[in-house]
Protein chains: 2
Amino acid sequence: MHDHPSDRSTDLAKAKRTLKWQRDPEGMRLRILEAAKQEFAAHGIAGARVDRIAAEAGANKRMLYYHVGNKEDLYLAVLEGAYEKIRAEERTLDLEHLDPPEAIERLIEFTWNYFIRNPEFLALLNTENLARARHLKRSTKVKSMHSPFVEMIRTVVTRGVARGDFKVAMDPVQLYISIASLGFFYLSNSATLSVIFGRDLLKKPAKDERLAHMVALVLAALTGKSTASFGKGSAAVEKPNVRTFSRVVPAKAGTHNP
Amino acid sequence: MHDHPSDRSTDLAKAKRTLKWQRDPEGMRLRILEAAKQEFAAHGIAGARVDRIAAEAGANKRMLYYHVGNKEDLYLAVLEGAYEKIRAEERTLDLEHLDPPEAIERLIEFTWNYFIRNPEFLALLNTENLARARHLKRSTKVKSMHSPFVEMIRTVVTRGVARGDFKVAMDPVQLYISIASLGFFYLSNSATLSVIFGRDLLKKPAKDERLAHMVALVLAALTGKSTASFGKGSAAVEKPNVRTFSRVVPAKAGTHNP
DNA sequence: CCAGAAATTAACCCGTTGGATAATTACTGT
DNA sequence: ACAGTAATTATCCAACGGGTTAATTTCTGG
């Protein structure tokens, strides 16, 4: 969504207490949706509280119904907004002019960083899947928002195979899902995994290591080469990083999980 | 858990109406936990209804509190049971005597099939992560149940590298997470992905294709070979399958997602 | 066979929560 | 300036849902 003056701080709730109050329909709607996004992401559909959303948005509960609708309408609006946002960002990624391996690397990095920057997106997807996509199915809007990534991957892979960079040609859909998988699962399940492994998977070194592993894994599969730290200081899309498989079978190291 | 006479049918609820009723503490407890598992998996913590669990278990609501505890206790018991179950099955997998590549394949297949056979497990994990592992953290029981897979992977990879089967040695933890990722994400998010791609990812051919892709991807990365359908009719752990990357860049094919 | 404990049922309680109704206040065009 | 509409506030409420209390029934050991 485009910036709106009353959009930044999440609880500038009272900033509107100028004498009595002033009108701001669009701003109100945005604050409601933002608050709803946080609430649904944090508590799921059933766990979300309409009153909390209202409070967080600095609004009266009645406003939610006035501007968006009931709880489910609210949820769907949030979900659609989330898809719109990622699709919009996806479209900004231009891979056409890159060497195929680097294009794939960029793709992985973008996806990974998007997930890191938008944890609510992960939560919302999980919530929606818990609901078996009951709401998505009704949303013609989302169904018409196709990700450009599948086609991007198709052309990149084709190009890579033609140029000899890649040994095999994977199904773009499968590869797309795999790239999403590797990052999504790690981040989405970081809480339980951190407990199981007895170490914090969200601290920077762990995340850096994960990104390097994902890139190395996918590129190794595509190129057939063990992809030793290939250069190109290329300041990655959002975060430069090491890119090798972590040292050879790192022995029991720090992990306390046998 | 071990079989108990009054365990099989889920709604044999009334089978206990022998005149008035008869006692069956253990059976009751099991039915309660099974019902709770389904309920929590289907609706999450906040969405779960204590009354529904009771009804499904063929019990009075009071029984839940008598045999297990309040809603949260119930949830934690379910979660711990889920971890116990998967850990138990994991221990039955013996990879030591297999060739490294085949061992990895078996591992992937096992994980994949376990997820398919236990959809509630996926849902529970998602639910717990939505709660930021709030309950897991309190469970000393689960924290002490280490997966044997990480060590299995470590030895297999080491062996594979020594024998020359594998070109690179990956960090076992990363590889473990990656293998889980590839299957987990696909299945856990199949509902939304199916809507987005406009095709049912859960029908058999799609699932078979996914398994083949996962195996090919991981093995290609490890061996450096494009892993063309390597043989060994090896009747996979639970489901034999094709194992190549799907045909070369399958053109727009059936997919309606550009 | 019977007393006490264990298991189970039946009924109720009360805070929460989504949603609705109605009254108030701020804008807008004319 | 003012009428009409849009935006917002202030209350209310009925149902839902987790948890509890108390009465009932079955089982077991002596």
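Letters A, B, ... are given to chains in the order of the sequence lines, protein chains preceding strands, and every chain is numbered from 1.
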Does [X] come within less than 4.0 Å of [Y], counting only side-chain N to carboxylate O?
X      : Y      : value
A/R31  : A/E34  : no
A/R87  : A/E84  : no
A/E72  : A/R134 : yes
A/E26  : A/R29  : no
A/K137 : A/E128 : no

(Q) Applying a 4.0 Å non-hydrogen cut-off, can you work out what A/A48 is touching in the nucleic acid: base, sugar-phosphate, or nothing? (A)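 Contact class for A/A48: sugar-phosphate only.
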Q) OP1, OP2 of D/dG18 versus side-chain N and O of B/R49: anything below 4.0 Å? A)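 Yes, within the criterion.
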Protein-nucleic acid N or O pairs under 3.5 Å, nucleotides 2-5 of chain D:
none

Q) Which parts of residues 63-76 of chain A get close to DNA chain D, meaning a heavy atom less than 4.0 angstrom away? A) A/M63, A/Y66, A/H67
Q. Can you name the side-chain contact (heavy atoms from CB on, under 4.5 Å) partners of B/D200, sequence neighbours left out?
A.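 Partners of B/D200 under the side-chain contact (heavy atoms from CB on, under 4.5 Å) test: B/S194, B/L202, B/K203.
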Q.
Aromatic contact between A/F115 and A/F110, with the criterion being ring centroids under 6.0 Å apart: yes or no?
A.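 Not under 6.0 Å, so no.
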Integer-rounded Å distance: [N] [atom2] and [X] [atom1]:
X     : N      : atom1 : atom2 : value
B/I53 : D/dG19 : CD1   : C1'   : 14 Å
B/I45 : D/dG18 : CD1   : C1'   : 15 Å
B/R29 : C/dT8  : CZ    : C1'   : 17 Å
B/D51 : C/dT9  : CG    : P     : 14 Å

Q. Start at the 5' end of DNA chain C and walk down; is the nucleotide closest to A/R62 or to A/A46 reached first?
A.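 First, find each residue's nearest nucleotide; the 5'-ward one identifies A/A46.
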Q: Between B/R52 and A/K61, just flag the one whose closest nucleotide in DNA chain D comes earlier from the 5' side.
A: A/K61
(Q) As a test of understanding, state which of A/Y176, A/F184, A/F185 forms a ring-ring contact (aromatic ring centres under 6.0 Å, His included) with B/F185. (A) A/F184
Q. Got a donor-acceptor pair under 3.5 Å from the side chain of B/N60 to the base of C/dA10?
A. yes
Q: Using distance alone, with no hydrogens and no angle criterion, decide if A/N129 and B/S188 have a side-chain donor and acceptor under 3.5 Å apart.
A: no
